[in-house]
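Structure first, commentary second.
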Amino acid sequence: MLPAVLGVYLFLIVILFIQYDRCLLEQDMASMLIKAGNYTQSPQKRLEYLQELAVAWDREQYLWVQPRSPRFTLQGQRICLEAAGEYTLPSGALVLSDGPQRLDVVLQLDTWDRTMLIEVLSGIGKD
């Protein structure tokens, strides 16, 4: 009985670590997107800036997930960011599959220049 209870506790702790890392990964990626959205240079310079942010990204803060480098795409005013990480659950009766599991995060941000945004929000552009 005691080994089963300890196994359940271990499984729950690992799942909480993975959830923490997922939240941290989303927060890091959202921070990169916001910084890139405020960057007012050309799309090529913005992409270079995003790549610099990805290089400076601190991957040591994650407890269970091993994150991979994010992938960025720019399409007009839209920035799309895809990030992934891998984790392995401890083997035991509670785990249905062996081997690494994948955690994916996809975020998008539509950037507008300030004049266009003011026009849209104030209704100036409406006819």
Side-chain angles (χ1 to χ4, degrees):
M1 178 70 176
L2 187 60
V5 172
L6 290 176
V8 169
Y9 282 147
L10 175 66
F11 182 75
L12 290 175
I13 289 170
V14 169
I15 293 299
L16 290 174
F17 282 155
I18 293 168
Q19 179 66 16
Y20 170 80
D21 285 348
R22 185 192 63 80
C23 292
L24 195 59
L25 183 63
E26 286 182 358
Q27 180 182 357
D28 286 346
M29 297 303 108
S31 174
M32 283 186 202
L33 277 181
I34 290 170
K35 288 176 183 176
N38 291 330
Y39 195 74
T40 57
Q41 300 293 325
S42 69
Q44 182 61 30
K45 294 282 187 183
R46 182 179 283 176
L47 187 59
E48 291 172 6
Y49 179 65
L50 276 168
Q51 291 168 345
E52 289 173 11
L53 288 174
V55 168
W57 176 33
D58 181 20
R59 291 176 177 87
E60 299 296 321
Q61 61 188 341
Y62 294 87
L63 300 174
W64 204 268
V65 174
Q66 290 83 35
R68 305 289 178 239
S69 292
R71 193 181 80 180
F72 306 100
T73 55
L74 298 175
Q75 300 169 351
Q77 298 295 333
R78 177 170 289 170
I79 304 170
C80 183
L81 183 145
E82 297 176 19
E86 290 184 351
Y87 62 91
T88 304
L89 292 173
S91 60
L94 297 175
V95 179
L96 298 176
S97 64
D98 291 334
Q101 305 294 315
R102 186 172 169 91
L103 173 70
D104 294 312
V105 174
V106 177
L107 299 173
Q108 292 183 356
L109 177 70
D110 291 319
T111 59
W112 301 76
D113 67 4
R114 286 176 171 51
T115 306
M116 184 183 296
L117 182 60
I118 290 171
E119 288 176 1
V120 168
L121 292 177
S122 66
I124 293 173
K126 290 184 178 180
D127 289 331

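Positions are given from 1 along the sequence.
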Output a table of donor-acceptor pairs, distance under 3.5 Å, between side-chain atoms of residues 15-25 and any protein atom two or more places apart or on a different chain; print 'none' if there are none.
residue	atom	partner	partner atom	Å
Gln19	OE1	Arg22	NE	3.4
Asp21	OD1	Leu63	N	2.9
Asp21	OD2	Leu63	N	3.2
Asp21	OD2	Trp64	N	2.5
Asp21	OD2	Val65	N	2.7
Arg22	NH1	Glu26	OE1	3.3
Arg22	NH1	Glu26	OE2	2.7

So [Y] and [X], do their side chains get closer than 4.5 Å, heavy atoms only?
X: Cys80; Y: Val106; result: yes
X: Glu86; Y: Gln101; result: no
X: Leu50; Y: Ile79; result: yes
X: Ser69; Y: Trp57; result: no

Would you name the heavy atoms of [X] and [Y] that are closest together and state the gap between them?
X: Leu109; Y: Leu33; value: CD2-O, 3.1 Å
X: Asp104; Y: Ala84; value: OD1-CB, 3.4 Å
X: Thr88; Y: Pro100; value: OG1-CA, 3.8 Å

Before you tell me yes or no, could you show the steps for Lys35 and Tyr49 under side chain to side chain contact (heavy atoms under 4.5 Å, CB included), namely the whole-Å CA-CA distance, both residues' side-chain angles and the distance that decides it to 0.1 Å?
CA-CA 9 Å; Lys35 288 176 183 176; Tyr49 179 65; 4.0 Å; yes
Cluster companions of Leu2 among Ile, Leu, Val, Met, Phe, Trp, Tyr (side-chain spacing under 4.5 Å):
Leu6
Calculate, to the nearest 0.5 Å, the distance between atoms [atom1] and [atom2] belonging to [X] and [Y] respectively.
X: Glu52; Y: Lys45; atom1: CD; atom2: NZ; value: 9.0 Å
X: Leu53; Y: Met29; atom1: CG; atom2: CE; value: 9.5 Å
X: Gln51; Y: Phe72; atom1: CD; atom2: CZ; value: 7.5 Å
X: Arg59; Y: Gln61; atom1: CZ; atom2: CD; value: 10.5 Å

Among residues at least two apart in sequence or on other chains, which ones pass side-chain contact (heavy atoms from CB on, under 4.5 Å) with Arg71?
Glu82
